[in-house]
Amino acid sequence: MLRMAPFPSGALHIGNGRMIFVNDYYRRRYDGRLLLVFDDTVGSEEKRLDPEMFDLIREDLELCGAAPDAVYYKSDLIPNHYPWARRVIEAHAAYVCTCPAELLRRNRAEGRPCPERSQGSEATLEAWEGMLGGRYGPGEAVLRLRTDLSDPDPAFRDRVLFRISDLDHPRVGRRYRVWPLLEFSWAVDDIELGVTHVVRGKDLVMEDRMQQAIWRILGVTGPPFLHWGLLRVREAKISKSKSYAEVKSGVYDGWADPRTWSFRALDRRGIDPRALRHFTLSFGLSLADIEVPAETLYAENRTLIDPKALRRSFVEDPVRLEVSGYPTSLASVVLPNHPDRPELGTRAVSAGSTLWLARRDLEVHLGGEVRLKDLVNVRLPARLDTGATSATAEFTSLENKRLPRLQWVSARDGVAVDLLGVEGEHRTGLGEAALLSSPPGEVLQFERVGFVRLEADTRPGVEPVRACFGHP
RNA sequence: GCUCCCGUAGUCUAGUCCGGUCAAGGAUAUCGGGCCUUCGACCCGACAACGCGGGUUCGAAUCCCGCCGGGAGCACCA
């Protein structure tokens, strides 16, 4: 029995991959069950809960092929925690501390006990009832574990177990005022939910010790812990709070904006969840923090989509090219949809003496002889003025010469294309007519540009054809 | 500062627990070549690593000690 516990503050992104795929891996391998437990205790002013995230996260897990066997909300489980707190108090292992937060922190750092530390179970129980009964306001009292004030790790000295908060919780409102903190709540829930193995990030290793300390006090045996280190993708500068702000303000195109590196954004880019799974699991469960170039993920994805992505032409920032001497009989060509897989069929592509070429291609090869791929050879003009929208070239031959090969689109039936880039930029240009008949969500390869995925809400026949860039 | 963790090629990883089969394997990147119509894929080849110093041992990437470097945690957040 495994569990994952995301804090519902945003869509799941590639940095959360280890939580998802590692847990799911163990579930499958040992035929276990995987719970999704929303860690939605009340949070803090800085860490607000957004109720929209619950569904968002469930969808993300579904998308990753890691849907949970059951879903729990911490906020529903709060009443379970109070009896446990009582048991800890009765074991004389906790006390109610009414020091201001500042003083508490200072005392902890210096290893000095707060006055209430010596209080007996009776008094603690009485004060605890007072906490539950509303005798104290937020910040006026906490329940602390009595550990060892000389513990070398200051973080471990008399941790706070419960605190008082009157924040309005999106699911349960103000039903509870006394909220457990992470370690205590998991000490309870891992037992009550029957969790047998905890696999979580290494940022939570200290919490292992806390949970174990609580279990020891109560004489229960809890599950073992496994941890993974941080996984960063070099190109992905992920900031959940920034994403949150930009999504809310509309600067980003929702949670599927490529800049979020969320799973839904990666899906939109045509990155197969299986590639993400394989990519993530390839790092094992190492405790080291790692940074991997996105290229590694792209390579993984390429092996999946390359065999099925149909090839299409797209020219960015097009320039109109008149080809003098163009053989008039060559009005169209029939091209394979995939160079290595004839079974994927062919399509007819219109050609002609007037064609569109990508400005960049033209600029790089000015004055040179090039091959318009699958068509003819031409000599490009020697110069192209900045901002020029047309140019002329000269037909040289039909023969398949070994020249730089450039993409082109017919002036007769080229269609407008709007390609959304990884940085949220829009790259506009023209694509070949066959794009109009591709279904939404189709993954294609724009030759010499990269793999793209048609946006899910595109309609065949409607211009501009909108696509999202995946990777080279 | 304190606590814990981690150091194998540019990057990620296998091997470390139980020393020899590791003159270190794979992936990715890069470079070269092939494939005569993609800057993609595929095929072939090249490049390139056990952080440093001691010790134990017939033998150390693997065990021990020290050092150096990197990371994470140190909330009345999760």
Side-chain angles (χ1 to χ4, degrees), chain A residues 5-9 38-49 74 97-102 104-105 108-109 111 136 138-144 151-157 159-165 178-183 185-186 200-209 227 229-234 278-279 281-284 286-300 302-303 305-307 309 311-313 333 335-336 338-341 361 364 371-377 399-407 445-451 471-472:
Chain A
F7 185 73
S9 63
F38 283 113
D39 219 338
D40 66 332
T41 49
V42 76
S44 61
E45 289 292 347
E46 311 88 69
K47 239 175 181 167
R48 288 303 195 121
L49 293 165
K74 264 256 138 110
C97 177
T98 56
C99 297
E102 193 45 46
L104 187 159
R105 248 195 300 276
R108 173 149 59 207
Y136 307 98
E140 289 177 7
V142 293
L143 184 70
R144 296 175 70 184
D151 192 282
D153 187 351
F156 197 69
R157 296 172 193 161
R159 293 281 285 194
V160 173
L161 264 24
F162 284 86
R163 68 194 163 120
I164 296 169
S165 169
V178 179
W179 291 87
L181 264 62
L182 181 136
E183 301 93 344
S185 82
W186 281 115
R200 61 184 175 189
K202 76 165 189 181
D203 50 327
L204 263 18
V205 285
M206 195 262 285
E207 280 71 10
D208 295 2
R209 240 188 113 196
H227 297 267
L230 236 59
L231 166 62
R232 260 188 297 263
V233 172
R234 205 192 309 287
H278 198 258
F279 169 75
L281 292 178
S282 74
F283 308 124
S286 80
L287 246 9
D289 296 321
I290 55 175
E291 184 175 86
V292 186
E295 178 56 39
T296 308
L297 170 62
Y298 299 157
E300 197 76 62
R302 241 178 334 246
T303 65
I305 61 173
D306 183 78
R311 269 48 175 181
R312 295 290 183 257
S313 289
V333 285
L335 301 178
H338 193 290
D340 312 314
R341 303 191 56 202
D361 277 350
V364 168
R371 179 150 183 87
L372 302 183
K373 187 168 178 289
D374 302 305
L375 196 65
V376 298
N377 306 319
E399 163 202 7
N400 179 19
K401 284 206 235 171
R402 256 169 125 53
L403 294 168
R405 303 181 202 285
L406 305 186
Q407 263 56 41
Q445 188 200 55
F446 285 169
E447 289 187 329
R448 290 179 52 245
V449 175
F451 293 94
H471 54 83

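What's counted below: heavy atoms across the whole structure, side chains too, no hydrogens, waters or symmetry copies.
Nucleotides B/C43 and B/A48 are separated by 23 Å at their P atoms, to the nearest Å. Of the C1' atoms belonging to B/U28 and B/G73, the separation is 32 Å, rounded to the nearest Å. Distance noted for atom P between B/G51 and B/U11: 13 Å (whole Å). Nucleotides B/G10 and B/C52, compared at atom P, are 13 Å apart to the nearest Å. Comparing B/A14 with B/C68, their P atoms sit 28 Å apart, to the nearest whole Å. With C1' as the reference atom, B/C2 and B/C47 are 44 Å apart, rounded to whole Å. Nucleotides B/G19 and B/C64, compared at atom C1', are 13 Å apart to the nearest Å. Going from the C1' atom of B/G20 to that of B/G66 covers 27 Å, rounded to whole Å.
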Polar atom pairs between nucleotides 2-8 of chain B and protein, under 3.5 Å, N or O only, would you list them?
| unit_1 | atom_1 | unit_2 | atom_2 | d |
| --- | --- | --- | --- | --- |
| B/C2 | O2' | A/Pro152 | O | 2.6 |

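When side chains are defined from C-beta on, A/Val142 does not count as touching A/Leu181, because their heavy atoms never get closer than 4.5 Å. Proximity of A/His471 to A/Ile305: side-chain heavy atoms (C-beta onward) are separated by under 4.5 Å at one or more points. In this structure the side chain of A/Arg311 never reaches within 4.5 angstrom of the side chain of A/Leu335, judged on heavy atoms. Considering only heavy atoms from C-beta on, A/Val233 stays 4.5 Å or farther from A/Leu297 through its side chain. Residues A/Arg312 and A/Glu447 fail the side-chain proximity criterion, which asks for heavy atoms closer than 4.5 Å. Here the side chains of A/Lys401 and A/Arg371 are not in contact, with every heavy-atom distance at 4.5 Å or above.
No contact: A/Leu403 has no heavy atom under 4.0 Å from any strand. At a threshold of 4.0 angstrom between heavy atoms, the contacts of A/Ala299 are confined to the sugar-phosphate backbone, with no base atom among them. As judged by a 4.0 angstrom heavy-atom cut-off over every strand, A/Ser286 is placed among residues touching the sugar-phosphate backbone only. Among the atoms of the strands shown, none is found under 4.0 Å from any heavy atom of A/Gly284. Contacts of A/Phe451 with the nucleic acid, taken as non-hydrogen atoms under 4.0 Å apart, involve only primed sugar atoms and P, OP1 or OP2. Nucleic acid contact class of A/Arg144 (heavy atoms, under 4.0 Å, all strands): none. Using a 4.0 Å heavy-atom distance criterion, A/Pro100 is classed as a base contact. Using a 4.0 Å heavy-atom criterion, one finds that A/Pro339 contacts the bases of the nucleic acid, with or without backbone contacts as well. Across all strands shown, A/Ser9 has no heavy atoms under 4.0 Å from either base or sugar-phosphate atoms. Contacts of A/Asn400 with the nucleic acid, taken as non-hydrogen atoms under 4.0 Å apart, include base atoms.
Separating the CD1 atom of A/Ile164 from the P atom of B/C76 is a distance of 14 Å, rounded to the nearest angstrom. The distance between atom CD of A/Glu447 and atom P of B/U37, rounded to the nearest whole Å, is 12 Å. The interatomic distance linking A/Leu161 (CG) with B/C76 (P) rounds to 12 Å, in whole Å. Computed from coordinates, the A/Asp40 CG to B/C77 P distance equals 15 Å when rounded to whole Å. Spacing between atom CZ of A/Phe162 and atom P of B/C77 amounts to 13 Å, rounded to whole angstrom units. Put simply, NE2 on A/His227 is 12 Å from C1' on B/A72, counting in whole angstrom units. Between the P atom of B/C76 and the CG atom of A/Leu143 lies a distance of 13 Å, rounded to the nearest Å. What separates CG of A/Asp208 from P of B/A78 is a distance of 17 Å, to the nearest Å.
Map A/Gln407 and A/Val292 each onto its nearest nucleotide of RNA chain B; the residue landing nearer the 5' end is A/Val292. With RNA chain B read from its 5' end, the first of the two nearest nucleotides for A/Arg163 and A/Ser282 is the one closest to A/Ser282.
Pair assignment for B/C31: B/G45, on the basis of Watson-Crick or G-U wobble contacts that are both within less than 3.5 Å. Under the Watson-Crick or G-U wobble criterion, with both distances below 3.5 Å, B/G20 is paired with B/C58. When both pairing distances are held under 3.5 Å, B/G53 makes a Watson-Crick or G-U pair with B/C65. B/U3 is paired with B/A72 under the criterion used here, namely a Watson-Crick or G-U wobble arrangement in which both key atom distances are under 3.5 Å. The partner of B/G25 is B/U13, judged by Watson-Crick or G-U wobble contacts that both fall below 3.5 Å.
Distances shorter than 4.0 Å separate none of the side-chain N or O atoms of A/Arg311 from OP1 or OP2 on B/G40. Contact between the side-chain N/O atoms of A/Arg302 and the OP1/OP2 oxygens of B/A41 is found at a separation under 4.0 Å. At the phosphate of B/C76, OP1 or OP2 sits under 4.0 Å from a side-chain N or O atom of A/Arg108.
Residues forming a salt bridge (charged side-chain N to carboxylate O under 4.0 Å, His left out) with A/Asp151 (at least two apart in sequence, or on another chain): A/Arg209. Legend: residues meeting side chain to side chain contact (heavy atoms under 4.5 Å, CB included) with A/Phe7, ordered by chain and number and at least two apart, are A/Ser9, A/Lys47, A/Leu49.
For A/Arg405 against B/U38, no side-chain N or O and base N or O form a donor-acceptor pair under 3.5 Å. The base of B/A78 is paired with the side chain of A/Glu207 by a donor and an acceptor separated by under 3.5 Å. On a pure distance criterion of 3.5 Å, a polar donor-acceptor pair joins the side chain of A/Gln445 and the base of B/U38.
When all heavy atoms of A/Gln445 and A/Phe451 are compared, the pair lying nearest together is NE2-CZ, 3.5 Å.
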